[in-house]
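Below is one structure; the comments refer to it alone.
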Amino acid sequence: MTDQTAKKRENKVLRRNEYYAIQDVFDGLYAKSKQGAIFTDLMSLITSPQNIALAYRRIKRNKGSRTPGTNMGTIEQIAERGNDILVDYVQRRLANYKPHPVRRVMIPKDNGKERPLGIPTIEDRLIQQCILQVMEPICEAKFHKHSYGFRPNRNTHHAISRFRFLAFTVKLEYVVDIDIKGFFDNVDHSKLLKQIWSLGIHDKNLLCVISKLLKAPIQGEGVPSKGTPQGGILSPLLSNIVLNELDWWISNQWETFPSKFPYRWDGDRCAALKKTKLKEMYLVRYADDFKIFCRNKKDAKRVKIAVEKWLMERLHLETSPEKSKITNLCRHYSEFLGLKIKLEERPKQNVIISHMSDKAKKKVTDKLRKALWDARGNEDKARNLNMKIRGMHNYYCVATRVSKDFWEIYFHLLKTLKHITRSHGKIGPPLSEFQKRRYGNYHGRRYLIGTVVIDPIYAVTFTIPYGFKQEICNYTEEGRQLIHKRLTHLEVIFRYLAEHPLQHESIELNDNRISRVSAQRGKCAITKKQLTVYDMRVHKIYPNGGDGYRNIDIVSRDAYELIHTKDIARAKELIEKLLSEGLWNENALKKTNNYRILVGNTIIE
DNA sequence: GATGTGACGAC
RNA sequence: CUUGUCGUCACAUC
């Protein structure tokens, strides 16, 4: 029992360390890529034990990890092999990579057609995950900020927020829609490899592996000449690499047009640009679904033709003329990510009107009717139904007129609702705590299945979609801080520290660590910054001075490195960074130097 | 904060 | 018999 828990804890600490070690490597890739570095040896990183271990853990938690590919392998069989054997296996496979064939599965799309999936074997999915982990930080640094699909920390609501911004705030009425015919199935392989190259990935071995991966034979169909397998782990990233070029091409026409003069503010730059022949255009893209915003119809027409031509010539992608169109937002709705959005003219300022798209509304109605029917007389399924309703509310609440849409849906479902539930009128049994919090001001009729109160279908309130904070990023310390809800509240930190003792240190040090954090009120001894548990390091004042309370200080990650680094250039870099964050002053320098002497380093500055 | 179930949405 | 990425939510565990 105690043995087991001890082992568990050991594992956890091991995993944490392993994760942090490799996270620093990914951070480094991101930073270097931002500076325009060229990467020639990524394969050694891809096949490193830490990377493979991380890939294994990531892939294990996927729902599909238990569904087999063309060989019957599932995650369990991989798990049995143990890490060392796994590492060895991946390294050997990649030395002369020959992907297994992918399994063909057809899944129905909502419009009745079928979408082909290509499911690689579990081993190949693992290898793709290894590659993804290394390529992603490099690519993320180069991607355009207004591409939102398949990217870490970004979602549809961010894209919708951008749409609102362009239509409402920038006041652009014309929207160009271009539909790429079967985008995923038509990606040009050699073009894609060139695009990867131009992102700074010059590792010939890696490019070779990717090329082979794209040409993995499809069961029953042979070797594909184009397209990236839908179902492959790497595919979403590859699709973004392809269309990233489009993002920047459009963006460089106006938004990020490389001008010779450093304009003092954006207004100046815009005014100057308006005098040129350039057309004003902005892009918002979610995977292969993108909109280009223009000021007037003439521009829109020209942009549409230009982009279609560019896609054909440059990326060898066909567009479908029936689905591509120009919309005047003041006259018609434009559909985007399940919503339809338009502008309504008002004397002072136009307002944004958004609804669920007709397709989405129908889909939601059908799904709920089915779930409702399914749930009759079964409380568990009724709770399940509530989750469905919540999920849908959660997504569509960013449409300004959602409540109207859901009222219609409710109206359509009324008959079913009455048929399968007991209605307790407006009083009924109390709402659950969650429902009270969420639908507090709902005073309508209540419907019950058994004792479960069904979430009020039309009680949705519009929630403004927030834009993406561009500083948020997985590959910088600052970016991660913004993701984590600040874990600075002291009680939470204490609990965490108690539960996660430092593995290689004594009990005494672990106890004193907690006391020290308390004494410093969770702040760094050098920079005085509020620390999160991930930013926290224990510094021993005298390296051989023991684990006593007076010999340790709590410092931030950066400060810790600053004390211990022998590399003066790196130290300067860190100081620069702290300076820019307003965390550096005379005192901090003095203190750092005191510490540096004690650990046997030279004084800085 | 990290794991793990379950659900929802976009593509 | 349905993959993948991303995001959100609830619950549980630490």
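A:R93 has its side chain within reach of A:I127: a pair of non-hydrogen atoms, C-beta onward, lies under 4.5 Å apart.
Applying the 4.0 Å criterion to OP1 and OP2 of B:dC8, one finds that A:K388 has a side-chain N or O inside that range. For A:R103 and C:U2, the shortest distance from a side-chain N or O to OP1 or OP2 is below 4.0 Å. For A:N153 and C:G7, the shortest distance from a side-chain N or O to OP1 or OP2 is below 4.0 Å.
By the side-chain hydrogen bond (donor to acceptor under 3.5 Å, both in side chains) test, A:N386 pairs with no residue at all, sequence neighbours left out. Under the side chain to side chain contact (heavy atoms under 4.5 Å, CB included) criterion, A:A382 pairs with A:I449, A:V452, sequence neighbours left out. Taking A:H355 as the reference, A:Y333, A:K340, A:I353, A:R401, A:K404, A:D405 meet the side chain to side chain contact (heavy atoms under 4.5 Å, CB included) condition, with sequence neighbours excluded. Here A:F184 pairs with nothing under the ring-ring contact (aromatic ring centres under 6.0 Å, His included) rule; sequence neighbours left out. Residues satisfying the side chain to side chain contact (heavy atoms under 4.5 Å, CB included) test with A:S556, not counting sequence neighbours, are A:C524, A:T527, A:L531, A:D535, A:D558, A:A559.
Candidate nucleotides B:dA10, C:U3, B:dC11 were compared by shortest atom distance to the side chain of A:A287, and B:dC11 ranks first. Nearest nucleotide to the A:D288 side chain, out of C:U3, B:dG9, B:dC11: B:dC11. Proximity note for A:N384 (side chain, C-beta onward) versus B:dC11, C:U2, B:dA7: the nearest is B:dA7. In this structure, of B:dG9, C:G4, C:G7, it is C:G4 that holds the atom nearest to the side chain of A:P236. The side chain of A:Y396 lies closest to B:dA10, out of B:dA10, B:dC8, C:C9. For A:Y395, counting side-chain heavy atoms from C-beta on, the closest listed nucleotide (C:C9, C:G7, B:dA10) is B:dA10. When each of C:U5, C:C9, B:dC11 is scored by its nearest atom to the side-chain atoms of A:L337, the top-ranked nucleotide is B:dC11. Candidate nucleotides B:dG9, C:U2, B:dC8 were compared by shortest atom distance to the side chain of A:K367, and B:dG9 ranks first. The side chain of A:T156 lies closest to B:dA10, out of B:dC8, C:U2, B:dA10.
A salt bridge is absent between A:D185 and A:K226; no separation between the charged side-chain nitrogens and carboxylate oxygens falls under 4.0 Å.
Between the CD1 atom of A:I59 and the C1' atom of C:C6 there is a distance of 16 Å, rounded to whole Å. A:R125 places its CZ atom 5 Å from the P atom of C:G4, with the value rounded to the nearest Å. Atom CG in A:L132 sits roughly 18 Å away from atom P in C:U3 (whole-Å rounding). Per the geometry, CE belonging to A:M387 stands 10 Å off C1' belonging to B:dC8, to the nearest Å. Distance A:N240 CG to C:G4 C1': 13 Å, rounded to the nearest Å. Between the CG atom of A:L368 and the C1' atom of B:dA7 there is a distance of 13 Å, rounded to whole Å. A:I127 places its CD1 atom 16 Å from the P atom of C:G4, with the value rounded to the nearest Å. The distance between atom CD1 of A:I119 and atom P of C:U3, rounded to the nearest whole Å, is 6 Å.
Backbone-only contact: A:G232 has heavy atoms under 4.0 Å from sugar-phosphate atoms and none from a base.
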Convert the base pairs of RNA chain C into dot-bracket notation, remembering that pairs crossing earlier ones are written with [ ] and that bases paired across to another strand are shown as |; include only Watson-Crick or G-U pairs under 3.5 Å.
-> ...|||||||||||
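In this structure, the ring of A:H146 has its center no less than 6.0 angstrom from the ring center of A:Y282.
With RNA chain C read from its 5' end, the first of the two nearest nucleotides for A:N155 and A:S235 is the one closest to A:S235.
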